[in-house]
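Numbering of ligands and ligand atoms starts at 1, following listing order.
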Amino acid sequence: MEYAELRRRLVERLVREGIIKSRSVREAFLKVPRELFVPEDLRRAAYDDTPLPIGYGQTISAPHMVAIMVEELELEKGLRVLEIGTGSGYQAAIMAEITGPEGIVYTVERIPGLAEKARRNLEAAGYAGRVEVIVGDGSKGYPEAAPYDRIVVTAAAPSIPPPLVEQLKPGGILVAPVGDRYMQRLVKAVKKRDGSLDARSGVYCLFVPLIGEYGWPG
Ligand code: SAH
């Protein structure tokens with residue numbers, strides 16, 4: 001079966017399950033070719049709803065988990081987004097598709113080899129101009145391009161890194177898996193005018209660890 005057909009079936013299922021809710025997320029999932037973000041020998045599994053290994057002991061998140069995070073972010077055209085944990089670059093591409101040419105996605109990856117691969121994946125999928133991949137410790141955020149309308153962490157954090165709160169605009173939304181190494185809950189937080197966070201815990205999840213100054217020791 002062709003990738004486009006497999007993609008359509010996966011999206012239909014995520015819509016039916018109530019995981020994809022909005023039209024913009026649905027359209028982005030229908031458009032971004034996930035097969036270009038997984039290793040070549042795993043492409044036949046690109047549209048299984050499962051995480052896949054991408055090298056260096058890291059994984060591309062399962063499509064339903066990307067959908068949950070992106071729905072929680074309430075993305076719109078023109079927003080400035082910061083992602084911590086580029087991995088394959090797939091989620092960055094989904095977000096760039098939604099924020100459109102007027103928006104921008106900055107994504108930070110600590111493993112240089114993965115960042116380089118993600119750049120190539122994004123280029124191949126046509127998102128090179130809308131996504132900037134930065135190598136570094138994303139637990140410190142990326143102050144150079146702050147403030148952001150949205151911040152998403154795609155690695156498990158012991159708690160929400162304070163620099164990320166600082167770099168979020170008032171009214172901005174932050175989504176991050178928070179917990180211990182073996183189980184987390186997806187936290188959605190809105191930054192209030194006074195600079196504090198209004199946070200609530202959502203679904204249980206399992207992400208690879210955020211390693212860095214405000215994450216886990218490496
Ligand atoms: N969003 C990715 C999946 C990310 S997996 C995708 O769509 O494919 C989590 C990634 O976070 C891994 O690549 C890991 O190397 C990275 N990571 C872990 N700690 C980090 C840190 N402190 N700063 C930046 N990236 C980090």
May I ask you to test the [X]-[Y] pair for a side-chain heavy-atom distance under 4.5 Å?
X	Y	result
Phe29	Val66	yes
Pro158	Asp180	no
Arg110	Val135	no
Ile60	Phe37	yes
Val81	Leu75	yes
Arg80	Arg150	no
Thr154	Gln91	yes
Gln184	Leu206	yes

Show which atoms of ligand 1 fall inside a sub-4.0 Å distance from at least one heavy-atom site of [X].
X	answer
Val108	24 (C), 25 (N)
Leu114	13 (O)
Thr154	1 (N), 4 (C), 5 (S), 9 (C)
Val208	5 (S), 9 (C)
Ile111	15 (O)
Thr86	1 (N), 2 (C), 6 (C), 8 (O)

How does [X] reach ligand 1, if at all, at less than 4.0 Å between non-hydrogen atoms: by side chain, backbone, both, or neither?
X	result
Ile60	both
Gln58	side chain
Ile54	neither
Pro209	backbone

Under 4.0 Å, counting heavy atoms only: does [X] come that close to any atom of ligand 1?
X	answer
Gly136	yes
Ser139	yes
Glu83	yes

Give yes if a backbone or side-chain nitrogen or oxygen of [X] is under 3.5 Å from a nitrogen or oxygen of ligand 1, and no if not.
X	answer
Ser61	no
Ile211	yes
Thr59	no

So which protein heavy atom does [atom] come closest to, and at what separation?
atom	answer
atom 8 (O) of ligand 1	Ser88 OG, 2.6 Å
atom 16 (C) of ligand 1	Glu109 OE1, 3.4 Å
atom 11 (O) of ligand 1	Gly85 CA, 3.2 Å
atom 7 (O) of ligand 1	Gln91 N, 3.1 Å
atom 26 (C) of ligand 1	Arg110 CG, 3.6 Å
atom 23 (N) of ligand 1	Gly138 N, 2.7 Å

Report yes or no: does Asp149 contribute a side-chain atom to a donor-acceptor pair with the main-chain N or O of Leu79 at less than 3.5 Å? no
Tell me the side-chain hydrogen bond (donor to acceptor under 3.5 Å, both in side chains) pairs involving residues 199-208, sequence neighbours left out? Glu72-Arg200
Which residues share a salt bridge (Lys or Arg N to Asp or Glu O under 4.0 Å) with Arg7, sequence neighbours left out: Glu35
Give me the ring orientation class for Tyr47 and Tyr3: parallel if the planes are under 30° apart, tilted from 30 to 60°, perpendicular past 60°. tilted
Is it the case that the side chains of Thr86 and Glu109 hold a donor-acceptor pair, with the cut-off being a distance below 3.5 Å and no angle test? no
